[in-house]
2 protein chains.
Amino acid sequence: MKTISPKTIDRALLYIRALENLLKKKRDKISSSELADITGSSDVQVRKDISFFGKVGIPRIGYETKKLKDVLENFILQDNIVHIALFGVGNLGKAILKYPGFQTDKIKLVAAFDKAKNKVLKEVNGVKIYPVEQSVRLIKKVHAEIGIIAVPSENSQEVADIMVNSGLKGIVNFAPNRVSVPKNVYVKDIDFSIEIFSIFSHTQL
Amino acid sequence: MKTISPKTIDRALLYIRALENLLKKKRDKISSSELADITGSSDVQVRKDISFFGKVGIPRIGYETKKLKDVLENFILQDNIVHIALFGVGNLGKAILKYPGFQTDKIKLVAAFDKAKNKVLKEVNGVKIYPVEQSVRLIKKVHAEIGIIAVPSENSQEVADIMVNSGLKGIVNFAPNRVSVPKNVYVKDIDFSIEIFSIFSHTQL
DNA sequence: TGGTGTGAACCGATTCACAGCA
DNA sequence: TGCTGTGAATCGGTTCACACCA
């Protein structure tokens with residue numbers, strides 16, 4: 001059986017969001033080229049991606065917004081809800097807690113951790129902040145799958161170790177240094193300064 | 001003449017940072033495989049990347065830390081300093097202003113803009129906050145090249161338009177919706193919820 | 001021997017070109 | 001006709017295999 005490519009998954013997530021917005025606007029049909037414009041891709045790419053999930057479109061017409069969204073969601077998200085644990089409630093952590101893209105029923109920030117005594121047990125945007133000491137126990141209890149590192153780089157490895165011990169299988173790391181984890185844990189680094197330089201190089205061509 | 005690949009540029013930035021750290025620890029030699037471990041790549045990949053910049057290594061020995069760093073920096077950054085303008089000084093904006101990865105002499109946050117009157121003219125981490133009305137004029141004056149969108153999605157397009165008018169050639173967009181800009185302006189979207197889902201899908205395989 | 005440098009093979013992803021259909 | 005669907009060609013990037021050298 002053919003396996004889905006990671007890039008197709010990423011774009012499918014963009015398609016899903018675009019389709020949600022279109023549904024809100026009562027658009028019930030959409031063509032591959034329009035979807036491509038919205039998501040910054042090409043029409044062929046959109047059709048190739050969608051073709052992986054089956055023959056969903058109607059020749060001469062396009063795709064039915066609702067149907068396409070359902071097909072993609074069923075395949076990619078399989079009515080899973082992703083449970084997230086956040087470490088570090090500084091400015092970045094707070095920004096993440098308030099991030100509007102998370103106000104969906106598919107992602108749930110289940111717990112936040114900080115070691116500052118004065119932040120602990122407060123709530124930000126409905127998410128309670130716990131002391132780090134309780135993190136391993138709590139993460140296991142709520143069955144979180146993904147962890148976010150939003151602590152200063154000095155503490156990032158320490159937090160990564162806690163995440164591994166808690167059984168988290170995926171980590172987003174915002175600290176500007178790499179953390180080491182077992183091979184079965186997937187880490188995605190988001191490094192603002194690398195992103196900036198990368199864009200700068202792009203503009204220099 | 002052969003042209004450098006974008007992926008090589010991105011990795012070169014990681015190499016440069018790794019080399020800086022090694023220099024601080026007085027390590028004057030480094031092998032491709034060790035550099036690969038630090039940056040999360042493979043030894044062949046490291047050598048291929050570096051080979052683009054010339055024959056820098058010493059067979060049987062490895063690379064001279066300082067020399068390699070200089071070669072990469074000269075090629076990639078060409079003693080340019082990247083000047084950045086930030087829009088939106090909420091939690092995310094503040095996190096960016098305080099980001100330690102920017103405490104380098106190669107990136108300079110030159111101005112921040114916000115429309116909240118009570119934030120204006122304050123300073124965060126040495127960067128002054130100006131009212132948005134002055135942004136076009138100020139960005140031209142300080143010759144910023146890259147802009148960061150850290151405002152709520154409702155205002156992201158408006159801010160993108162300002163950036164285009166100010167002559168910025170690259171944009172990092174943290175708002176969870178795409179902005180439209182002329183083809184000659186390069187936009188990189190950083191979308192937390194897509195990143196989360198993407199990692200989640202990875203862990204599901 | 002233990003490292004670098006690199007052409008060739010490979011692999012994944014994108015684009016092309018066009019068949020097929022309401 | 002104007003869209004989707006898709007095999008074939010192409011492109012870019014990674015890995016292999018090995019020549020080379022202090």
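Please read these numbers as outputs of a predicted model, since none were measured by experiment. No hydrogens, no waters, no symmetry mates; every other heavy atom, side chains included, goes into these values. Numbered from 1 within each chain, the chains take letters A, B, ... in sequence-line order.
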*Whole-Å distance between C/dA13 P and A/Gln45 CD?*
10 Å

_So, under a plain 3.5 Å distance rule, would you say the side chain of B/Lys48 forms a donor-acceptor pair with the base of C/dG7?_
yes

Listing, residues 67-77 of chain B side-chain donor-acceptor contacts under 3.5 Å, not counting sequence neighbours, or none:
from: B/Asp70; atom 1: OD1; to: B/Lys66; atom 2: NZ; distance (Å): 3.3
from: B/Asp70; atom 1: OD2; to: B/Lys66; atom 2: NZ; distance (Å): 2.8
from: B/Asn74; atom 1: ND2; to: B/Asp70; atom 2: O; distance (Å): 3.2

*With respect to the side chain of A/Ser31, which nucleotide from C/dA13, D/dT15, D/dC3 is positioned closest?*
D/dC3

_Spacing between B/Lys7 atom NZ and C/dG12 atom C1', to the nearest angstrom_ = 10 Å

*For the student: nearest non-hydrogen atoms of B/Ser193 and A/Tyr99, plus distance*: N-CE2, 3.8 Å

*May I ask you to say what B/Ser42 touches in the nucleic acid, namely base, sugar-phosphate or nothing, with a heavy-atom cut-off under 4.0 Å?*
sugar-phosphate

*Quick one: A/Asp49 CG to D/dT6 C1', roughly how many Å, whole number?*
13 Å

*asked:* Is it the case that atom NZ in A/Lys106 sees more than 12 heavy atoms from other parts of the structure closer than 6.0 Å?
replied: yes

_Can you confirm whether more than 12 heavy atoms, excluding those of B/Lys169, are under 6.0 Å from its NZ atom?_
yes

*Could you walk me through whether B/Arg47 and B/Tyr63 pass the side chain to side chain contact (heavy atoms under 4.5 Å, CB included) test, one step at a time?*
CA-CA 10 Å; B/Arg47 292 202 298 279; B/Tyr63 299 92; 3.6 Å; yes

*Please determine, for the side chain of B/Val44, which listed nucleotide (C/dT6, C/dA17, D/dG13) has the closest atom?*
C/dT6

*Would you kindly give the CG-to-C1' distance between A/Asp37 and D/dC3, to the nearest whole Å?*
15 Å

_Using heavy-atom distances to pick each residue's nearest nucleotide on DNA chain C, tell me which of B/Gly62 and A/Pro6 is more 5'._
B/Gly62

*Residues in salt bridge (Lys or Arg N to Asp or Glu O under 4.0 Å) contact with A/Lys188, at least two apart in sequence or another chain*: B/Glu195

_Length of the line joining A/Lys29:NZ and D/dT4:P, which is rounded to integer Å_ = 12 Å

Please produce a list of atom pairs where a protein N or O lies less than 3.5 Å from an N or O of nucleotides 18-22 of chain D.
none

